[in-house]
Structures are given as C-alpha cells and as structure tokens.
2 protein chains.
Amino acid sequence: MKKPTIKDVAKAAGVSAAAVSYALNGRTDKVSGETMERIMEVIESINYIPDFSARSLAKNQSKLIGIVIPQTESHKQLILENPFYSEIISGIEGKLREHGYHLLLSGVNQGESYLDLSVQRNLDGAILMGIYPEPFYDGFKKINIPIVLIDSYINDSYFKRIGIDDEYGGYLATRHLINQGHSNIGLITGAIRKDGVVEKRFLGYKRAMREANLFYNPDYVFEESMSYEHGLAAGKLIADKYPEITAIFATSDLVAFGTMRSLMSEGKRVPEDISVIGFDDISMSKMFIPPLTTIRQSITEKGAIAADSLIQMIQGRTELDEKEILLPLEVVERGTVKFKS
Amino acid sequence: MKKPTIKDVAKAAGVSAAAVSYALNGRTDKVSGETMERIMEVIESINYIPDFSARSLAKNQSKLIGIVIPQTESHKQLILENPFYSEIISGIEGKLREHGYHLLLSGVNQGESYLDLSVQRNLDGAILMGIYPEPFYDGFKKINIPIVLIDSYINDSYFKRIGIDDEYGGYLATRHLINQGHSNIGLITGAIRKDGVVEKRFLGYKRAMREANLFYNPDYVFEESMSYEHGLAAGKLIADKYPEITAIFATSDLVAFGTMRSLMSEGKRVPEDISVIGFDDISMSKMFIPPLTTIRQSITEKGAIAADSLIQMIQGRTELDEKEILLPLEVVERGTVKFKS
DNA sequence: TTGTATGCGTTATCAT
DNA sequence: ATGATAACGCATACAA
C-alpha cells in the first residue's frame, strides 16, 4: 500500500489538489469552511501525511535546523562525552520540536563540508557551538542562511550570539576563591585562543587577581585542553611541584573533575587542603563527591534560547532584537571550596 | 545569486541534464569518460551541490536516519542528561556520516507522532532506544521502514536488535559482590517492566543470589526509576533502615552516583562501610571519586554497530545476518567495592 | 553514448 | 471559492 498523496485526498474529497493544499496551510481565505471540513475529514480517514521533501522543493524551506558540534580531532566522533553539549542539545531540540522544526545533528569532516550539508538539505538555519576557522563562518554568510552562534565572540552582525559573560564568570570564580582567603590560585584551562570563551575566563581570572592586589603568576596557569585528562595532568603537577597553591579555578567542570581526582590520588584533600571551583554546572557536578562548587549557567536554557532566536530570525522578525543575548551567571557554593585556614 | 541546479551544470558543460545526473551517480556505463570529466570540472567550478529534497522525491530515499530517544514525561526534553544516551549517539553519528547518511534527532510527543516524522521526512531507517508501548512498534512495521532496536527485548523478527545480555550483566555484578564476601546485597533499580533491560538485570541478580545459596530478600530491592534522584532516596533509606546491607548493585551508573552520595551524607563510607557496583560504565564513572566499579559495555561501539546494522538493512543485504547482536560485558574493578571484613 | 520526456508530491499562479 | 497547470530539482525509461 503506497502512502497517500495530496491527490488521493483531493480525489476522495471531490476537490482539487490545490484546495487540499490550501486547507493544509490554513488558508481560510481560499477555502470555504465547509469544504475545509470535508478535506480535513478525508485527511484523517485515509491518514494522509504531507511529504516534507516535496514541500521543501516547492517552498524552498525545509523546516530543518542543523546543529554543529565540535569534534575531537583524533576521534571522528562528536564530543558528546562532554555533557555540556548534550544538555544544550536537549534544550535546542525541545524548543525546535515545539515550533515544528526538526534537528539535524552532525559533526563536521573538513572545514567546508558542513556548508555542503546546509545546501543539500536546504537547512532553514543552523546553530554553531564552539569556535571554528574563519572561512567556516564566511561560508554561511555566502549561502545566506540564518545562524545562531553559541559561546562565540565572533563580532559580526550577520550572526546572532547567545552566550554568557565569560570574563565576568572567570572573575566571579576567582573572586570567590579570593574571598575565601586564597591568594595562590592556579588556573587549569583549555587552549587560550583569541576571542574564545577560554580567553575571556582567563581575563576574568587576571582581573580578579589584580583587583585584589594579588600577584599574577604565569606559572600557575596550566593551559592545554578542556578535558578531564588535562585536569588530571595539571592536578598532579600542582600536587607535586606547587604545594603553595591552595585553590584552583578550573575553567570547566570536566576539567575540575580531573583535577580533583589527581589531587586526591596525590594525597591532597579537597577542599581541606586545596579548594577547587569549576565552570558550567553540568548536571553531573551536583552529583560529584564532594559536590562541585562552580559557576552556574543554565545550559539547557541556553539551548532553548538559541533555538528561539534562530526561529525568530528565520521568520524574519529579528529587527528589534539585539544581536547578542547574555545569560546570567552565579557561583553555586557546594563542597569543594573552603576558607583558607 | 541562486544556487546552481543540475541544469546549470548541463548548460555550462554543453550536455543534457540527464548526462549530469548519470555522472553524479557514477554511471560509467551511461557516460563516456571524456564527458564525465568535463561535467565534473564544471561541477567543481560553479560549485554545484545536489539538492537532497529533490533527490528524495525522485528516488524515494532520503539518506536520513531518525533516532528516537526516550523523554522524561514531565519535562518536554530529551533525557540527554543521562550521558549514556549522548555517548551512544556519538557512536551512531560517526558511523552514519561515514556512510553518507544524516542524523535526525528527535524526541517524541505522543505515542504515534514519531511515525509521522518518519513519513514526512521519508526516513530511510530509524534507531529506537529504550522501550515504548506496543502500537509504537507496530506503526513502524506498517510503514515498512527498517528499524534497529537498541537495548530492547521485543521479540519480533522484523526488527534487528543490538544489545547486551542484561541478565548476565546483572549476574556478573551481583556475583562480583558475592565473591567479595557480601551476602546482604541491595538492588537499586529503575522500574522493572516485563521484557525491559531492568527486569533482566534483576533476574541476573536473583540468579547469582540463588546460585550462592543466599536468601533473596524482596525488601532489599528498591525499584523506582533509573535516575540519580532515586539512587539518592534509596541510598538514604538503606543507610537509615537497613544497616545490615553491606553491598549494593545499582542497575545504572547514574543511580549508583545518587546512592553513593546519600550513603556518604548519612555517614557511610564507600567502599569501607558499604560497597557499590554500577552498570554501564559511562565516561563519567571513571572520573568519579571514588572511581566507580561497574559493569562495562562499550556504549559508543554499541551506537556504531547499530548504525552499521541499519545501513546494511537499508541496503538490503541483511539475509545472512543474525537478528540480534550481543556486545560483550565485563566487570571493571575500580574503587567502590571492597572485600567484606 | 547522449538526449528527451515524464514523474516524484507539493505549492503558487492564474483563470474561472 | 475553486480548479487547472506550471514550477521546484532530480532521476530514469525510452528514444535517438
């Protein structure tokens, strides 16, 4: 049994295909209430479901949103190991579905190839998270598809940005440690790239130190990657070589987990011997033992807002909106930061 | 500048649209090497990219794979909070992309509505994880689309299943605790539904107890949901009312995290006072403090294999294959199980 | 080997 | 208000 088309509906309802199309799209101005009803009944009874491919072809809009996630270079896999991304996707998907859009999830092979996907699939828009090389962004502008950037500092009015004030977040975290009496504060972080979130958090760290008249020691900055493994390595280094450090700001919760683990392996107690504060407040952080003190941003909401913004852009009513939305930040005190005795 | 179509290519190459189509699909029998080259050159130069919507219409295949994830009932969001799902998706996406398929990620509103999506988008296949009501599965059979089930015990030869031997996993976990000298072993678990993974793990637990001639005490089974929160509640209950329990089998790592947390809040030490073993080995488990002893299944690989199987089904060469693939299981000893003193 | 013509399911234009 | 028909971009059966 083949699946019914609009023509089948038309035939069964004794109207033209055009009428059915009108009815489907709620054009009450083009179709009388009576026939409208009849058509709807037929649709129900023969269980007709419109074909999006055909619709996409005719209307040139796919109701499809792409979302691009950074990818580990070694693995060919999405870095969904970091719960941060899954949580944000969760937020995006919920909102999209609510508005009749679907979500195309994909990594990206080489630099350009994601563009191909956008064109192939006629994407109505896309959400990019993380940071990519320049030409990557340019491509999207060229094919003229609405884009929302999450956690990006690309300053181009073509894009709408959703993010947080990372500098302030870094400042908040560091100041919290300072307020607890710490002065030798280590920073464990991913690669500090120009205009990346990491750089901003790093800047916030420095500002807090400066404001408190504390000495900024570059040796206390452990920069490599936003991974559990780096946290592990840096934590060990600190335990071994820098016993004077009494507090650590890890620029993501995942890094903080690694840090705490190696710290404890080396015989340091958290927070008794050394305090640790993270960043993000992924859902796992409250589950950790001890529960992680961190900078909270509502990740899921971030995704939802990004989706909302994108839909607005697609529907062309973005004029009044600002080009950037910053979500609130707060330190959530749990069990890994302690007053320095 | 509109995006180039197959006709533009044809014109520029001085051939017909058909020739271009042949070239595109590698029909070397239909096109001479010479013109093939010329066409390819033009494609390169004007940067032509085929439209999948049109292709989907013409060929009736979309190169689109759907993946359905359970959804919390209260929230309208995907339960991507459980890293288990993100890891599996990661595995799926990587493999799909490798084969030229794209991934449509979606929750599901009511019972039937996912079917609509499959029809609307002309899905070439879908991967279902978790357990759904009967009619949900029937629908897929009716529209005749290849389906791979992950972690399901639906016994219907229409579907291909990828999973693990959950009964054996439960047995392994419990036996590990028994081998460490424990005899009062609690089970903290999600809802035990007929033919669900949870039931199987529960059965494995009972078998291990029986084999060891240990008394199976229904009071020691704490059944509710596969969530951190339930682990929390059950752990507290055990600490308060069942001091004789010296070991716990939590049927997922997330539950184990909750359990350990409340246990420790109540003053119990893990593993000194009470041992805990989990199930899944999500990436977070090795990061936990103490690192979680658990039953390992390679989650990402599970996703990859599911994707592989689905692609094979789609390409119609599934005859020789078995209808079920079971992945290996092993207990990975870390820091939460200790010999009973 | 190459080109022509037609269909895929839907929407939009233009009559009626 | 309703219907006939031409797009949309591509694949394919058939003719040349």
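Every heavy atom of this structure was used, including side-chain atoms; hydrogens, water molecules and symmetry mates were not. Per chain, numbering begins at 1; letters A, B, ... match sequence-line order.
Protein chain B contacts DNA chain D over a range whose 5' and 3' limits, counting nucleotides with an atom under 4.0 angstrom from a non-hydrogen atom, are D/dG9 to D/dC14. On the nucleic acid side, DNA chain C contacts chain B at distances under 4.0 Å to non-hydrogen atoms, with the end points of that region at C/dT1 to C/dG9.
Within the 4.0 angstrom heavy-atom criterion, base atoms lie near A/K30. Here B/N60 lies out of heavy-atom contact (under 4.0 Å) with every strand. Note on A/S56: nothing from the nucleic acid sits closer than 4.0 angstrom, heavy atoms only. Using a 4.0 Å heavy-atom criterion, one finds that B/G33 contacts no nucleic acid atom at all. Contacts of A/V20 with the nucleic acid, taken as non-hydrogen atoms under 4.0 Å apart, are absent. Here A/S53 lies out of heavy-atom contact (under 4.0 Å) with every strand. When heavy atoms are screened at a 4.0 angstrom cut-off, A/Y48 is found touching the sugar-phosphate backbone but no base atom. Among the heavy atoms of the strands lying under 4.0 Å from B/N25 are primed sugar atoms or P, OP1, OP2 only; no base atom is included. Residue-level contact check: A/A18 touches the bases, meaning some heavy atom is under 4.0 Å from a base atom.
At least one side-chain heavy atom of A/K141 sits under 4.5 Å from a side-chain heavy atom of A/D156. A/L103 is listed as a side-chain neighbour of A/I89, based on a closest heavy-atom distance under 4.5 Å.
Comparing B/K59 and A/V31 against DNA chain D, the residue whose closest nucleotide sits nearer the 5' end is A/V31. Of the residues near DNA chain C, A/Y22 and A/T5, the one whose nearest nucleotide (by heavy atom distance) lies more toward the 5' end is A/T5.
For the pair A/E93 (side chain) and B/G107 (backbone), a donor-acceptor distance under 3.5 Å is present. Under the 3.5 Å distance criterion, the side-chain polar atoms of B/R161 are matched with a main-chain donor or acceptor of B/I154. A/N82 places a side-chain N or O within donor-acceptor distance of the main-chain N or O of A/F84, the cut-off being under 3.5 Å. Between the side chain of B/S21 and the main chain of B/A17, no donor-acceptor pair closer than 3.5 Å is present. Side chain of A/Y132 to main chain of A/Y137: no donor-acceptor pair is present (N/O by atom type, distance under 3.5 Å, no hydrogens or angles). Side chain of A/S309 to main chain of A/I305: a donor-acceptor pair is present (N/O by atom type, distance under 3.5 Å, no hydrogens or angles). Using modelled atom types, no side-chain atom of B/D124 and backbone atom of B/I65 make a donor-acceptor pair closer than 3.5 Å.
Nearest heavy atom pair, residue A/R38 against residue A/V15, reads NH1-CG1, 4.0 Å. Here the closest heavy-atom approach between residue A/H102 and residue B/Q120 is recorded as CE1-OE1, 3.6 Å.
End-to-end axis angle of the helix from C/dT1-D/dA16 to C/dT16-D/dA1, from C1' rotation axes over five pairs per end: 40° (rounded to 10 degrees).
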